[in-house]
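Notes for the one structure printed next.
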There are 2 protein chains.
Amino acid sequence: MRYPKLFEHIAALTPLPASEWLKAEVLAREQALDKRALFLRPGDPADRFGLVLQGVFRAVRVSARGEESIKAFRAEGELIGAYAEMLQGQPSMTSIEALEPGRVLAFQARDLQALEAGHPCWAQLARRVAEQHYILKERREQEFLDLSAEERLERFWQEHPHLHGRVPQRDVAAYLGITEVALSRIVSRRRKRAE
Amino acid sequence: MRYPKLFEHIAALTPLPASEWLKAEVLAREQALDKRALFLRPGDPADRFGLVLQGVFRAVRVSARGEESIKAFRAEGELIGAYAEMLQGQPSMTSIEALEPGRVLAFQARDLQALEAGHPCWAQLARRVAEQHYILKERREQEFLDLSAEERLERFWQEHPHLHGRVPQRDVAAYLGITEVALSRIVSRRRKRAE
DNA sequence: ACCTGGGCTTAACCCAGGTTAAGGCGGCCT
DNA sequence: AGGCCGCCTTAACCTGGGTTAAGCCCAGGT
C-alpha cells in the first residue's frame, strides 16, 4: 500500500477493505503541481478528480463578467474536482488551482465506476461523499442567509484553522463573497476593537 | 399501487422495480396538513421525511436572533425533511411548514433503511438524492457569490415558475436572503423600468 | 543596492439593502 | 356594515460593502 494515511482517512467515511483500496491505487497517478498550476481548467471534461497529498488548492468559478469567486479550499486528504459537473456529465466550469507547490493522487472517474461493479463499498463511498458535500454546502448556504460578512469571516477561521497563513487574504474575500478591500476593512475594524 | 405518479417521478432518478415501490408504499402513511401546519418542527428528531402529494411547503431555519430564512420551497413530487440533520443523526433545526392545505406521504427513515437491506435500488436512490440535493445547493451557493439580490430574484422565477402565486412575497425575500422591504423595492424598481 | 511586482491597506465617494414606521388594500369574521 | 388582520408598499434615514485610486511593504531578481 503506497498511501496508508490516505486509506485511513477515507476508510473513516465508510468500511473500505484494504484489498479494494489497493485496486484503486494502481489506477491512480501521482501528479505534481507548481504553485499557480491548474489541476483542472474551465472547459476541460470533468472526468477526473484527485486526492490532495500535499498543498492547498482552491476551486474557482469565473463569472461571465470575469470576477472570480471561490467555491472551496482543499488541503491534504481532501478531494478536488468539478464534482457537480461530473455528476451532470458537463464540462468543468470550475478551475482548480494550487496555492502552493503540491501533489495530488489523480483518478479517472470511469476507473472508479469500474470498481463499483466489483464491490459495493465503492457505491457506498460515493454516497457518503455526496452526503458530506451536501452537508457542507448547506452549512455555507445558511451562512449566506443568516450572517454578515464579518460573522462569515469569523466562522471561516473557526472551521478552517488549518488554512491559516496558507491562503492569501484576497482569496478569503472571494470565498466570503466580498472584495479584498471590504475584507481588509473588516480585519482592521476588528483589530481596533481588540485593543 | 396507490401512487403511480409518484412512482414515475422517483423512478426517473434511478431504476426502481415496481415491486420495491410497493414495499415502500405499505410503510408510508398519508398525512394531511392545514395551511400553516408544521410537518416538522425544530427540536423534533429528524427521523422522518415526506413526499409532497399536494401543496407547497417551506423549509425554514430560525436563527439565534429570531430571524427566519428559507432554505427551500417544495411542491408536488418533491421531498420534505431535515435532510442534513438526518444524515448527522441530529434533531431537526429546520421547521417545515405548509403554505397551503396539503398532503404528504410520510416515511420513517428507519423503514427505508430496512428496505436498503433487501434491494440495492434503495441505496442507489439514496445516492442519487444526495447528489441532486448537492447540485441544487451548489447552484444556490454560486448565486450568493456572484449575483445581486435583483439578479437572484430573476433566477428564482426562472427556476421556480410553478411557485408563481403560491408563495407570499415575504417568503421569497427570506429565500433570497433579503428583507421583504428590500424585495418590494426591487419589484417596484423593475416595474418602473418595464414601462 | 536598486527596481519590480504582488499583496495588502487606506481613503473618498456611491449605492444597495437594512431599519423603522406609517399607511394601503383586500379578505374574512361577527 | 364595520373592524380586524395579513400582506404589501412607500418613505426617510443609516450602514455595510463596492469602486476607484493612491500608496505601502516586502520578497525576489538583477
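These values consider heavy atoms only, across backbone and side chains, with no hydrogens, waters or symmetry-generated copies. To find a chain, count down the sequence lines: A is the first, B the second, and so on, and within it residues start at 1.
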- request: Mind listing the residues from residues 139-168 of chain A sitting with a heavy atom below 4.0 Å of DNA chain C? Number order is fine.
  value: A:Pro168
message: Can you pull out the residues from residues 180-188 of chain B that lie within a 4.0 Å heavy-atom distance of DNA chain C?
response: B:Val181, B:Ala182, B:Arg185, B:Ile186
message: Which is more 5' along DNA chain D, the nucleotide nearest A:Arg189 or the one nearest B:Asp171? Just name the residue.
response: B:Asp171
Taking only side-chain N and O atoms of [X], does any of them lie within less than 4.0 angstrom of OP1 or OP2 on [N]?
| X | N | answer |
| --- | --- | --- |
| A:Arg36 | C:dG6 | no |
| A:Arg191 | C:dC8 | no |
| A:Thr179 | D:dG17 | no |

message: Aromatic contact between B:Phe73 and B:His160, with the criterion being ring centroids under 6.0 Å apart: yes or no?
response: no
field: Validation row, ring centre B:Tyr134 to ring centre A:Tyr134 under 6.0 Å
entry: no
- request: For D:dT30, give its Watson-Crick or G-U wobble partner with both distances under 3.5 Å, or none.
  value: C:dA1
For [X] and [N], give me the distance from atom [atom1] to atom [atom2], rounded to whole Å.
| X | N | atom1 | atom2 | answer |
| --- | --- | --- | --- | --- |
| A:Arg170 | C:dT9 | CZ | C1' | 13 Å |
| B:Glu100 | D:dC7 | CD | P | 13 Å |
| B:Glu67 | C:dT19 | CD | C1' | 12 Å |
| A:Arg190 | D:dG16 | CZ | P | 14 Å |
| B:Lys192 | D:dT9 | NZ | C1' | 10 Å |

message: Let me check something: do A:Ile178 and A:Val60 share a hydrophobic cluster, defined by ILVMFWY side-chain heavy atoms less than 4.5 Å apart, either directly or through other members?
response: yes
- prompt: Is A:Leu136 reachable from A:Leu13 through a run of I, L, V, M, F, W or Y residues, each pair having side-chain heavy atoms under 4.5 Å apart?
  reply: no
message: Would you say that B:Glu141 contacts A:Glu141 through its side chain, given a criterion of any heavy-atom pair below 4.5 Å between the two side chains?
response: no
task: Give the ring-plane orientation class for A:His164 versus A:Trp157, where under 30° counts as parallel, over 60° as perpendicular and anything between as tilted.
output: perpendicular
- prompt: Does A:Arg152 make a cation-pi contact with A:Tyr175, if we ask for NZ or CZ under 6.0 Å from the ring centre and within 45° of the axis?
  reply: no
- request: Could you give me the CA-CA distance, side-chain angles and deciding distance for A:Ser184 and A:Gln169, then say whether side-chain hydrogen bond (donor to acceptor under 3.5 Å, both in side chains) is met?
  value: CA-CA 8 Å; A:Ser184 177; A:Gln169 192 150 305; 4.8 Å; no
task: Name all residues meeting the salt bridge (Lys or Arg N to Asp or Glu O under 4.0 Å) criterion together with B:Glu8; count only those two or more places apart in sequence or in a different chain, and write none if there are none.
output: none
